[in-house]
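To keep things clear, I will list the structure first and then write my remarks on it.
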Amino acid sequence: MGSGFWIDETGTYYITSGDWSQYVSRMSRAIQSPIHSTLIWAFRQAGISGEVMLRLPSIVFMGIAALLFRRLSRLFVGKEGADVATILFVALPAIQFEACQARPYALAMALSMGLFILVIKLFRKPTWVNALVASVVYSLLIYTHAIYSLVILIPLVAIVGLAVQRRLHLGIWLVAASIGAVATLCSPIAPYYWGAARNAGNLVDPFAAHTHPFHLSSLLGHFLGAVDQSGFLEAVVLGLIICLILFWKSIKLQSAAPPRFVLFLASSFILVIGIYFLMSQYLHFSFLEPRYYLYALPVLPIFAAALLKCVKCHSVRLVTAGAIAAILVYNTWGSTLFPHPGADWKLAFRLIAKDSRNSQTPVLLNSGLAEANSLRHLQMPEFREFISAPATAYPLPNPVFTLPRRPNVIFDSYVDQIVNPLLISNRSFYVVCRTMSWVNLFQLKATSQHFSSVMLLETPELFVVRFEPQLTAPEATPSRID
């Protein structure tokens with residue numbers, strides 16, 4: 001909780017800085033969550049700040065999500081199965097990660113679980129009141145995050161399945177009224193999301209400017225990757241092996257989950273991942289990130305709980321569930337998920353503050369935000385501020401210059417306007433970047449001008465290098481400070 005903000009959190013920190021007019025203006029610079037961002041802004045206006053306090057709402061929201069998930073899973077696997085599923089739910093790496101981030105996904109998860117419960121209630125008792133409440137919760141979910149509007153894909157599977165079986169009792173007017181209510185409630189936010197979607201057209205990565213052909217094997221690979229959330233499959237298999245070793249003499253099996261229940265969950269998960277895969281293929285942006293389809297991940301612990309219900313002995317089921325959960329937690333906290341892989345902005349800027357001999361030494365910052373793919377955005381001061389969000393979260397007295405997301409010929413002129421004056425005037429400067437390609441580029445430029453370089457920080461996703469003029473010939477590679 002106290003680790004440095006990762007890149008998206010620094011964006012939230014920047015957006016929520018300043019008074020109300022500044023906040024509203026900054027919200028237009030990138031797609032943000034209106035509800036969560038307003039909550040964080042209110043926290044900061046009340047003097048509540050820092051990593052722990054700004055992440056606290058996510059802990060609360062994910063706790064609510066877990067309680068709602070337990071109630072939801074009871075409808076599928078019963079009381080004991082729900083307890084097992086909830087243990088596995090809170091042990092999922094993506095759930096643990098989003099519970100500790102100052103981002104909107106924990107709130108979206110809580111609303112998603114509530115929506116699923118309300119939809120099931122609506123199926124069982126199709127009244128106008130139930131339809132209105134479900135419409136309001138779904139609208140709140142859209143206000144929380146635009147991409148979570150796709151959560152409707154899961155109830156859609158149920159609607160189609162019930163319609164095919166002629167067991168759907170929702171009237172056409174009830175459905176039409178629900179759609180109308182959602183459209184009316186979301187109309188105020190529609191222009192904001194529409195404008196953000198149009199801006200997204202300027203964020204196409206120069207290295208991915210063509211549409212990749214569709215391959216079934218690629219879809220299968222992404223599907224398996226979604227199921228295998230940071231070792232989920234391995235944890236289940238290893239937990240079952242532990243169960244077999246400890247209780248191989250006493251294990252007895254009983255009937256499995258109903259086929260319709262298994263078919264519904266499998267169809268829902270496949271549909272969600274398939275849609276996200278197609279969006280990633282044709283919109284040049286990776287939607288196959290766990291935080292975007294977080295609402296579909298509860299399918300996994302429900303599946304595991306249904307599988308464990310096949311074991312007749314109660315103690316064996318609990319021990320196996322505990323073993324799977326322990327393995328998941330170990331995999332999560334033993335990985336680079338905490339803090340976010342390699343990109344420790346707090347440490348990076350502390351190193352510069354400690355190393356800097358002159359507060360006017362420039363810092364060239366490559367944050368890695370998608371907006372840095374746009375040359376038009378890089379040339380606009382207000383967008384450069386957002387792209388350099390880590391410098392807002394962890395400010396330095398040094399002047400900060402914003403670099404593109406990756407080196408590319410279309411950015412050469414922009415980069416040269418920043419770097420060449422520093423090299424010609426023999427001024428020292430720092431480079432903070434997400435990829436080694438920027439280090440290599442500046443190393444080539446600096447070598448020709450007799451600059452030396454010192455690597456202050458080297459992690460998988462963040463590098464801090466100091467470049468300074470020297471009289472002797474430079475070294476071929478950056479030296480390192482241990």
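Between T459 and D344 the shortest side-chain heavy-atom distance does not fall below 4.5 Å. Counting heavy atoms from C-beta outward, L456 and F463 have side chains that stay 4.5 Å or more apart. Under the 4.5 Å side-chain criterion, counting only non-hydrogen atoms from C-beta, R434 is in contact with L462. V432 has its side chain within reach of I352: a pair of non-hydrogen atoms, C-beta onward, lies under 4.5 Å apart. Side-chain atoms of I95 and L297, non-hydrogen and from C-beta on, never get closer than 4.5 Å to each other. For the pair F116 and F69, the minimum side-chain heavy-atom distance is 4.5 Å or more. Counting heavy atoms from C-beta outward, Y276 and I273 have side chains that stay 4.5 Å or more apart. Proximity of L294 to E98: side-chain heavy atoms (C-beta onward) are separated by under 4.5 Å at one or more points.
Every pair passing side chain to side chain donor-acceptor pair (under 3.5 Å) that includes a residue from residues 65-85 is listed here, sequence neighbours excluded: R70-D83, E80-H314, E80-R317.
Counting only distance, with no hydrogens or angles, the side chain of S58 and the backbone of A102 share no donor-acceptor pair below 3.5 Å. A donor-acceptor pair under 3.5 Å links the side-chain atoms of Y394 to the main chain of F5, judged by distance alone.
Atom-to-atom distance recorded for I7:CD1 and E461:CD is 10.5 Å, nearest 0.5 angstrom. Expressed to the nearest 0.5 Å, how far CD of Q32 lies from CD1 of I15 amounts to 4.5 Å. The line from OG1 of T10 to NZ of K346 is 13.0 Å long, rounded to the nearest 0.5 Å. In this structure, CD in E51 is found 15.0 Å from CH2 in W6, a value given to the nearest 0.5 Å. Here S374 contributes atom OG and I387 contributes atom CD1; the two are 7.5 Å apart, rounded to the nearest 0.5 Å.
Under 3.5 Å, the side chains of S17 and R44 contain a donor-acceptor pair of N or O atoms. Side-chain polar atoms of T16 and S37 form no donor-acceptor pair below 3.5 angstrom. Side chain to side chain, Y23 and T38 meet the donor-acceptor criterion of an N or O pair below 3.5 Å.
Within the cation-pi definition used here (under 6.0 Å to the ring centroid, within 45° of the axis), R26 qualifies as a partner of Y14.
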*Might you work through the side chain to side chain contact (heavy atoms under 4.5 Å, CB included) test for L118 and Y138, ending with a clear yes or no?*
CA-CA 10 Å; L118 290 170; Y138 183 47; over 6 Å; no

*Please report the C-alpha distance between T127 and K125 in whole Å, then the side-chain angles of each, then the deciding distance to 0.1 Å, and finally whether the side chain to side chain contact (heavy atoms under 4.5 Å, CB included) criterion is met.*
CA-CA 6 Å; T127 65; K125 191 177 181 181; 3.7 Å; yes

*How far apart are the C-alpha atoms of F61 and L39, what are their side-chain angles, what is the distance that settles it, and do they pass the side chain to side chain contact (heavy atoms under 4.5 Å, CB included) test?*
CA-CA 12 Å; F61 291 136; L39 175 64; 3.9 Å; yes

*Would V182 and I142 count as a side chain to side chain contact (heavy atoms under 4.5 Å, CB included) if you check the C-alpha gap in whole Å, the side-chain angles of each, and the deciding distance to 0.1 Å?*
CA-CA 9 Å; V182 172; I142 295 175; 4.2 Å; yes

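Scanning for side chain to side chain donor-acceptor pair (under 3.5 Å) contacts around E9 gives R55, with sequence neighbours left out. Under the side chain to side chain donor-acceptor pair (under 3.5 Å) criterion, T144 pairs with no residue, sequence neighbours left out.
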For residues 147-156, run the donor-acceptor check on the side chains, cut-off 3.5 Å, and write out each pair with its distance to 0.1 Å, sequence neighbours left out.
| unit_1 | atom_1 | unit_2 | atom_2 | d |
| --- | --- | --- | --- | --- |
| Y148 | OH | R291 | O | 2.5 |
| S149 | OG | A146 | O | 2.8 |

Quiz: residues 103-113 side-chain donor-acceptor pairs under 3.5 angstrom, not counting sequence neighbours:
| unit_1 | atom_1 | unit_2 | atom_2 | d |
| --- | --- | --- | --- | --- |
| R103 | NH1 | T12 | OG1 | 2.7 |
| Y105 | OH | H145 | NE2 | 3.4 |
| S112 | OG | A108 | O | 2.7 |

What side-chain donor-acceptor pairs closer than 3.5 Å can you find for residues 322-329, not counting sequence neighbours?
none

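Between N366 and P404, the closest heavy-atom pair is ND2-O, 2.9 Å. The minimum heavy-atom distance between A305 and G81, with the atom names listed, is CB-O, 3.5 Å. Heavy-atom minimum distance, F89 versus A66: CE2-CA, 3.7 Å. What you find for T392 and Y13 is that their closest heavy atoms are O-CE2, 3.7 Å. Contact between A131 and L174 at its shortest, heavy atoms only, is CB-CD1, 3.7 Å. Residues L88 and A321 come closest through the heavy atom pair CD2-O, 3.7 Å.
F269 and Y293 have perpendicular rings, their planes meeting at more than 60° on a 0 to 90° scale where under 30° would count as parallel.
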